[in-house]
Amino acid sequence: MTVRPRPVPRKMPSSWSAWDRAVSVKLFHASSRTIPRKYMILLEYSGNGLVWLFAALATWCLPSITPQQRCAITNFLVAFVVDLILVGSLKSLIRRPRPIYNSSGDFILVVSVDRFSFPSGHASRAFYVAAFACVYFFHWSYLVCILATVWGVVTALSRAAMGRHYVGDICAGMPLGILTVAITTKGCFSLDSMLVDAQQAQRLYEIFHACFAWFRLSNGLIHLG
């Protein structure tokens with residue numbers, strides 16, 4: 001039986017890596033002295049992928065939302081998958097360890113690649129959520145766009161402030177989030193250019209509703225039997 005060698009983490013260029021580590025550790029120590037960790041934990045949960053996934057799915061299932069809203073949420077979920085693929089692929093490829101000063105006591109690993117640091121999944125997700133919010137609310141509320149952008153930047157920077165990531169991981173994650181929205185909107189950043197149109201989104205909902213109704217009926221028949 002042959003033993004496969006473990007993959008070797010790819011090293012970052014030495015000069016960039018040294019600068020990245022130096023800036024990151026300074027930011028971490030400065031933040032630790034001035035910002036209560038509970039506030040950064042709150043930001044961490046606000047950018048958690050499971051929170052956004054469950055919230056989007058729950059909203060998508062509501063029968064009261066409009067076809068346009070269901071279309072937007074459908075594409076938001078598509079973007080979620082694209083973001084997972086981009087970030088997960090790069091983490092598996094580069095395999096950069098997280099900072100040694102990262103506190104594992106309040107850190108939850110969702111999948112195995114989360115133990116790697118580059119790029120920051122939270123930064124990518126925060127920027128894709130913020131960019132998607134700007135696309136959706138651009139013609140209705142500039143305030144929402146501004147607030148979403150501020151939240152995205154603060155959430156991304158909090159990853160280095162908490163010691164979860166290096167600054168370089170965040171710098172890589174932020175444009176990935178923008179790229180995710182660019183893919184989902186076919187590069188136009190417009191509601192009129194989504195990958196999934198309103199008719200397709202409505203059809204998906206009708207299929208889901210039919211499957212759910214069939215499941216409830218089957219479950220009721222089983223209990224009657």
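Nothing here was measured: the structure is a model prediction, and the numbers come from that model.
No side-chain heavy atom of Leu86 sits less than 4.5 Å from a side-chain heavy atom of Ser124. The closest side-chain heavy-atom distance from Phe118 to Lys91 is not below 4.5 Å. Here the side chains of Ile73 and Leu57 are not in contact, with every heavy-atom distance at 4.5 Å or above. Using a 4.5 Å cut-off on side-chain heavy atoms (C-beta onward), Tyr39 and Leu43 make no contact. Side-chain contact check for Leu147 versus Trp151: every heavy-atom pair is 4.5 Å or farther apart.
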Evaluation steps, ring pair (Phe, Tyr, Trp, His ring centres under 6.0 Å), between Trp60 and Tyr205:
CA-CA 8 Å; Trp60 186 84; Tyr205 175 74; 5.8 Å; yes
Kindly determine whether Phe76 and Tyr128 satisfy ring pair (Phe, Tyr, Trp, His ring centres under 6.0 Å), including the steps that lead there.
CA-CA 9 Å; Phe76 181 90; Tyr128 116 65; 5.3 Å; yes
Residues Cys134, Thr149; criterion side-chain contact (heavy atoms from CB on, under 4.5 Å); working and verdict:
CA-CA 8 Å; Cys134 290; Thr149 302; 3.7 Å; yes
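Across every non-hydrogen atom of Ala156 and Phe127, the tightest pair is CB-CE1, 4.1 Å. Closest approach of Ala161 to Ser31, counting heavy atoms only: CB-OG, 3.3 Å. For the pair Cys188 and Ser193, the tightest heavy-atom approach, listed with the atom from each and the gap, is CB-OG, 3.2 Å. Heavy-atom minimum distance, Ala133 versus Ala148: CB-CB, 3.9 Å. Nearest heavy-atom pair, Val181 versus Ala131, reported as atom, atom and distance to 0.1 Å: CG2-CB, 3.7 Å. Taking each heavy atom of Ala172 and Pro119 in turn, the nearest pair found is CB-CB, 3.9 Å.
Checking each of Ile35, Thr155, Val154 against Met40 for a side-chain contact (heavy atoms from CB on, under 4.5 Å) leaves exactly one that passes, namely Ile35.
Arg164 and His122 are not linked by any side-chain donor-acceptor pair at a separation below 3.5 angstrom, with hydrogens and angles left out of the test.
Atom CD of Glu206 is surrounded by more than 12 heavy atoms from other residues, nucleotides or ligands within 6.0 Å. In this structure, Tyr101 places its OH atom where more than 12 heavy-atom neighbours from other residues, nucleotides or ligands lie under 6.0 Å away.
Judged by distance alone, the side chain of Arg70 and the main-chain N or O of Cys61 form no donor-acceptor pair under 3.5 Å. Distance alone, capped at 3.5 Å, places no donor-acceptor pair between the Thr185 side chain and the Met194 backbone. Side-chain atoms of Thr34 come within 3.5 Å of backbone atoms of Ala30 as a donor-acceptor pair (strictly under, hydrogens ignored). In this structure a side-chain-to-backbone donor-acceptor pair under 3.5 Å is present from Gln69 to Thr66. Under the 3.5 Å distance criterion, the side-chain polar atoms of Ser92 are left unmatched by any main-chain donor or acceptor of Ser89. Panel note: side chain Ser24, backbone Val167; a donor-acceptor pair is recorded below 3.5 Å.
Criterion: ILVMFWY side-chain heavy atoms under 4.5 Å apart, direct or through other members. Under it, Leu53 and Ile85 are not part of a common hydrophobic cluster. Hydrophobic clustering places Phe132 together with Val144 (ILVMFWY residues linked when any side-chain heavy atoms are closer than 4.5 Å, directly or through intermediates). The hydrophobic clustering, which links ILVMFWY residues whose side-chain heavy atoms are closer than 4.5 Å, places Phe28 and Ile170 apart. Trp52 and Tyr136 end up in the same hydrophobic cluster when Ile, Leu, Val, Met, Phe, Trp and Tyr side chains are linked at under 4.5 Å.
Atom CG in Asn75 sits 9.0 Å away from atom CG in Leu191 (nearest 0.5 Å). In this structure, Leu176 CG and Arg125 CZ are separated by 12.0 Å, a value rounded to the nearest 0.5 Å. His165 NE2 to Ser117 OG: the interatomic distance, rounded to the nearest 0.5 Å, is 5.0 Å. For the atom pair CG of Asp169 and CG of Asp20, the computed distance is 6.5 Å after rounding to the nearest 0.5 Å. Note that CG of Leu27 and NE2 of His29 are 10.5 Å apart. Values are rounded to the nearest 0.5 Å. A distance of 9.0 Å separates CD1 in Ile100 from CZ in Arg21, rounded to the nearest 0.5 Å.
At least one cation-pi condition fails for Arg96 and Phe116: the charged atom is not both under 6.0 angstrom from the six-membered ring centre and inside a 45 degree cone around its axis.
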